[in-house]
Amino acid sequence: MKEKFLALTLAAALAASLTGCMLQADAQDLMEDIKPNAVTPLSAEDLSAGGATLTDFAVRLLQASEEKDKNTLVSPLSVLYALSMTANGAKGETLHQMEQTLGSDTKTLNEYLYSYRNALPHGKNYKLHLANSIWFTKDERFTVNQQFLQTNGDYYGADIYRASFDDKTCKEINGWVKKHTDGMIPEILDEIPEAAVMYLVNALAFEAEWDAIYKEDQIYSDQFTLADGTTRNVKMMSSTVPKYLEDENATGFIKYYAGGEYAFAALLPDENVSLSDYVAALDGAALHDLLRNAEDISVLTRIPKFETEYSTDLAVVLAKMGMPLAFDAEQADFSGLGSSSTGNIYISRVLHKTFISVAEKGTKAGAATVVETITSGIPLLDGKKQVYLDRPFVYMLIDCNTMSPFFIGTMYDVQQ
């Protein structure tokens, strides 16, 4: 059986409802009215250079989401797609704050994310697929901005739907999420508030087998030691990999998936450095350089088999990262998105759910992000390095073309 890593992101939303391939309800497909314009993709060199922006955003998002001694797992790529689509409807200081938080202006983000999606490599044993959609309410109180839809159609290939925003629509949205995550995220939206007007959605699906699948004699029982000294019995997967990572306070490695286009990367803080302190001191540019300049040294590795879930509302996190106006009912400016006769449009929730399973054959993972907008209302051994992930560590799923993480997380407790 092929292990699948599906990363979905139901992303950026300005309160409304999404439903990619839905359950045949009353939603009206508006793509007949929105013909995507031709866009010139960035060169491979420019696309690779853009990986630094994604890595920086990934580090800042992880740092802002971190809770001491609690596992964290976020998909920065998913969140970036969702918020970038949303930013196309922001203006004034709201737009400025969003661009500062995302690390670039909307024009650059649009061009980069369009090029990234269209350059994704696919192979027999690996795949990273991205899909976007926009859903907005049929209620006459809301008028959508056609240029906003056109821009997101041009750069994000977004499917566009108008729906009733009732319980049926909520089920359709969850059905869309379940479909695009192969059932790993069966539900993301609990309800559609009466004041909701739009949801922008990004679905990110990744599946990959290891370049070398673990054999039975490479798996054995061992212990994982928590920060407080408590130990957990775990199944460790042992292998040698060709890429070694080391900075001032940690050692790590890169282990490839089939095809070499994607990889699992891990950093193990030195024994005198806590994981929380290490994460707090991480720097996006430094991490990007570390990944790009991994040493060609054989590394003996041990990875615990683990499975973890994470769920949070990123609204407070994103506000702390520098975009509080987007969540301000009175001052948010999303007039480029549309208008409502019942009050100002602002982001109320940014729901984010993730799941990952790392096992013998490969990795499977899923992520969902819903941005809801409403109206106001490591030593040497036989000449080799070794990195055993037998205590808290940072891990990532990375795109080897841009050397940027599309998933990043902390593992404090394999049984959390």
Side-chain angles (χ1 to χ4, degrees), residues 55 58-59 62 71-73 208 210-215 217-227 229 231-257 260 262-283 286-308 356-360 362-363 378-398 400 403-405 407-415:
T55 303
V59 169
L62 176 65
N71 295 343
T72 301
L73 179 65
W210 294 117
D211 182 49
I213 294 174
Y214 289 94
K215 299 178 180 179
D217 61 1
Q218 293 176 294
I219 303 168
Y220 56 92
S221 297
D222 203 347
Q223 291 189 326
F224 183 91
T225 304
L226 279 60
T231 60
R232 304 289 197 200
N233 294 322
V234 299
K235 290 293 184 181
M236 280 285 183
M237 302 182 295
S238 178
S239 68
T240 298
V241 303
K243 293 290 185 178
Y244 177 66
L245 303 171
E246 182 175 359
D247 62 19
E248 292 181 352
N249 296 303
T251 54
F253 59 86
I254 294 175
K255 180 178 176 61
Y256 293 103
Y257 292 105
Y262 304 103
F264 175 93
L267 288 166
L268 181 70
D270 297 339
E271 291 197 34
N272 62 338
V273 178
S274 71
L275 179 56
S276 58
D277 287 344
Y278 181 75
V279 169
L282 269 177
D283 174 80
L287 177 60
H288 190 60
D289 286 342
L290 181 64
L291 294 172
R292 287 173 59 89
N293 297 295
E295 297 182 66
D296 293 322
I297 299 176
S298 292
V299 191
L300 300 177
T301 68
R302 293 179 186 174
I303 303 173
K305 289 181 60 176
F306 67 88
E307 191 171 285
T308 187
I356 190 169
S357 175
V358 178
E360 301 94 331
T363 300
I378 214 194
L380 290 170
L381 183 65
D382 296 333
K384 294 182 178 180
K385 299 289 187 178
Q386 65 180 46
V387 180
Y388 296 167
L389 304 181
D390 54 4
R391 48 190 169 80
F393 59 92
V394 175
Y395 65 99
M396 294 161 275
L397 296 177
I398 63 174
C400 297
M403 295 311 292
S404 56
F407 264 81
I408 186 169
T410 53
M411 178 54 64
Y412 283 94
D413 186 348
V414 291
Q415 294 181 11

**Asked** Between the side chains of S238 and Y220, is a donor N or O closer than 3.5 angstrom to an acceptor N or O?
**Response**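 S238 vs Y220: no donor-acceptor pair found between side chains.
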
**Message:** For a quick check under 3.5 Å, do K385 and S298 share a side-chain donor-acceptor pair by atom type?
**Reply:**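 Per modelled atom types, K385 and S298 side chains form no pair under 3.5 Å.
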
**Request:** Give me the ring orientation class for F306 and F264: parallel if the planes are under 30° apart, tilted from 30 to 60°, perpendicular past 60°.
**Result:**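 Tilted.
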
Within this structure, what is the [atom1]-[atom2] distance for the pair [X] and [Y], rounded to the nearest 0.5 Å?
| X | Y | atom1 | atom2 | result |
| --- | --- | --- | --- | --- |
| D270 | E248 | CG | CD | 10.0 Å |
| Y256 | K243 | OH | NZ | 4.5 Å |
| F393 | L275 | CZ | CG | 9.0 Å |
| L73 | I356 | CG | CD1 | 5.5 Å |
| T363 | F407 | OG1 | CZ | 10.5 Å |
| E295 | L290 | CD | CG | 9.0 Å |

Do [X] and [Y] make a side-chain contact, defined as non-hydrogen atoms from C-beta onward lying under 4.5 Å apart?
| X | Y | result |
| --- | --- | --- |
| T55 | P405 | yes |
| M236 | I219 | no |
| R302 | D390 | no |
| Y257 | C400 | no |

If I compare all heavy atoms of [X] with all of [Y], which pair ends up nearest, and what's the gap?
| X | Y | result |
| --- | --- | --- |
| K235 | S221 | NZ-OG, 3.2 Å |
| A265 | L291 | CB-CD2, 4.2 Å |
| R391 | P269 | NH1-O, 2.5 Å |
| A359 | M237 | C-SD, 3.4 Å |
| E360 | W210 | O-CD1, 2.9 Å |
| I254 | P242 | O-CD, 4.5 Å |

Determine yes or no for a side-chain-to-main-chain donor-acceptor pair under 3.5 angstrom, with [X] supplying the side chain and [Y] the backbone.
| X | Y | answer |
| --- | --- | --- |
| N293 | D289 | yes |
| T301 | V387 | no |
| T410 | T72 | yes |
| H288 | S404 | no |
| D413 | N71 | no |
| D222 | V234 | no |

**Request:** Please report the C-alpha distance between L245 and D247 in whole Å, then the side-chain angles of each, then the deciding distance to 0.1 Å, and finally whether the side chain to side chain contact (heavy atoms under 4.5 Å, CB included) criterion is met.
**Result:** CA-CA 7 Å; L245 303 171; D247 62 19; over 6 Å; no

**Request:** List the steps, then state whether side chain to side chain contact (heavy atoms under 4.5 Å, CB included) holds for L267 with M396.
**Result:** CA-CA 9 Å; L267 288 166; M396 294 161 275; 4.2 Å; yes

**Request:** Give the intermediate values and the outcome of side chain to side chain contact (heavy atoms under 4.5 Å, CB included) for residues F253 and L268.
**Result:** CA-CA 9 Å; F253 59 86; L268 181 70; over 6 Å; no

**Request:** Please assess L397 against Y262 for the test side chain to side chain contact (heavy atoms under 4.5 Å, CB included), listing each intermediate value before the final yes or no.
**Result:** CA-CA 7 Å; L397 296 177; Y262 304 103; over 6 Å; no

**Request:** Give a yes/no verdict on a cation-pi contact between R232 and F224, requiring under 6.0 Å between NZ or CZ and the six-membered ring centre and an angle within 45° of the axis.
**Result:**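 Negative - R232 is either too far from the ring of F224 or too far off its axis.
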
